[in-house]
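Notes for the one structure printed next.
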Amino acid sequence: MDTKNENKSFRNTPEYAEYQREGFWASNDGKVMPFNTEPGALEDRAKEKLSEGGWLYASSNAGQSTTHLANRQAFFRHKIIPRMLVDTNKRDTKHEIWGHKTSAPIGFAPIGINKIYHPLGELPVAQVAKELNLPYCLSTAGSTAIEDVGKANGAGTRFFQLYMPHDDELTVSLLKRAVASGFTACILTVDTWQLGWRHDDVNASNYAFYHGQGADLGLTDPVFQKRLKADGIDPKTMPNEAGAKWIDNVWHGRAHTWEKLPWLMKTWKELNGGKPFAIKGIQAVQDARRAVEMGVDGIVVSNHAGRQVDGAQGSLDALEKIVDAVGDKTYMMFDSSIRGASDVVKALCLGAQFVFVGRLWVWGLSIMGEHGVRHVMKSLLADLDIMFNVAGIQNVEQLIGNREWLESHPAGQTMIAERSRL
Ligand code: GLV
């Protein structure tokens, strides 16, 4: 492709498509691309690189993986209808989320304990997110202190994903730290009062927090430090007990209910002058309506990538129904099983304004740390940019909620088994 194409100077977003050229040209200069980003190959490579525990945790799904399967198959029932001879020379993948201008309507999904995937944990991920100008979302189950992640993300856009403890003082402490570290939205996850039943992890006793790893957000928190002291737990000599106390605060097995939400929203907004509060993990139209009535600034339609409720509908199917009900009333986001640009486009056409990507960057991180995350996410941006070019899409706004781009088949077909974890 022509790198001197003058049209690119009109664009708001870099010509990500040029990353394709880098790959095609590489061997002339004796270079190779870092690894294959085809999702199956990517996953296979990550499996080779990871410890058994890292692999099992990252790839696990609830129960029989049928929700995960439904997530993937929901994408297959929508087909993109490309348009030709459209002027895509000035095409643009840019988007604005809550006042932040980003390279694309794509963010880094909140994923915990990155240190089981790479020794540097969340830091390289936050760094690359900034570099690519994509929002980064830190998980409460992260394995790096909030403050350090804030620094690594620097001038980037970052959100804090909250698993809300049943300890209000601790919740407030976490939120204060997030605000002080430049996190500009709170995204409350409501589908994980405890982890879903994941056969492999239970069988392998694979839960990093109970084995002295991953409690960093807690161990660096002054309120949680008080709680440890009160219980006589010294994290240096009793790391397993400290980790267990932390994660049992976070995934506590006790449900929160809608009644708690006004307090949380008010607290978050008071701490930071009214910055956005969103709710993640919604799948039912009734819940989406309730969230909107409560005044949330956004909903992430997600089923936790199939890791929580087994036997559930595909998240993309849920998106469609939720958008029909409340899509014009709040900022609509989507998460669960995005594997490429076509999936991003389909979610946007069905009414998502923004999508989160998770396992793709986890595989990249697992394979090659910072370089791996960069390669995967640059490839996704290139895939999207090229998709815009070849399908006749000029900008993101043309897609959002515009189902004319899709030929959609009815939901509810029998699922065909594929590789269960892909
Ligand atoms: C936590 O978010 C998990 O899915 O393990």
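Counting starts at 1 for both ligands and their atoms, following the listed order.
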Could you list the residues that satisfy side chain to side chain donor-acceptor pair (under 3.5 Å) with K94, not counting sequence neighbours?
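Partners of K94 by the side chain to side chain donor-acceptor pair (under 3.5 Å) criterion come out as none, since no residue qualifies.
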
N-O pairing of R290 and E259 below 4.0 Å
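Salt bridge between R290 and E259, a charged N being under 4.0 Å from a carboxylate O: yes.
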
Of the side chain and backbone of Y207, name the one, both, or neither that has a heavy atom under 4.0 Å from an atom of ligand 1.
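Answer for Y207: neither.
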
Best match, Q161, R198, R307, H304: closest heavy atom to atom 2 (O) of ligand 1
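The option holding the nearest heavy atom is H304.
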
Where ligand 1 meets W251 - atom numbers and elements under 4.0 angstrom, heavy-atom basis:
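Going through ligand 1 atom by atom, the ones under 4.0 Å from W251 are 1 (C), 2 (O).
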
Using only heavy-atom distances, determine whether the side chains of E147 and T220 contain a donor-acceptor pair under 3.5 Å.
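On atom types as modelled, these side chains do not qualify, holding no pair under 3.5 Å.
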
Between Y163 and W193, ring centroids under 6.0 Å:
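No, ring centres 6.0 Å or more apart.
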
Atom 5 (O) of ligand 1: nearest protein contact (heavy atom, Å)
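The protein heavy atom lying closest is Y57 OH, 2.4 Å.
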
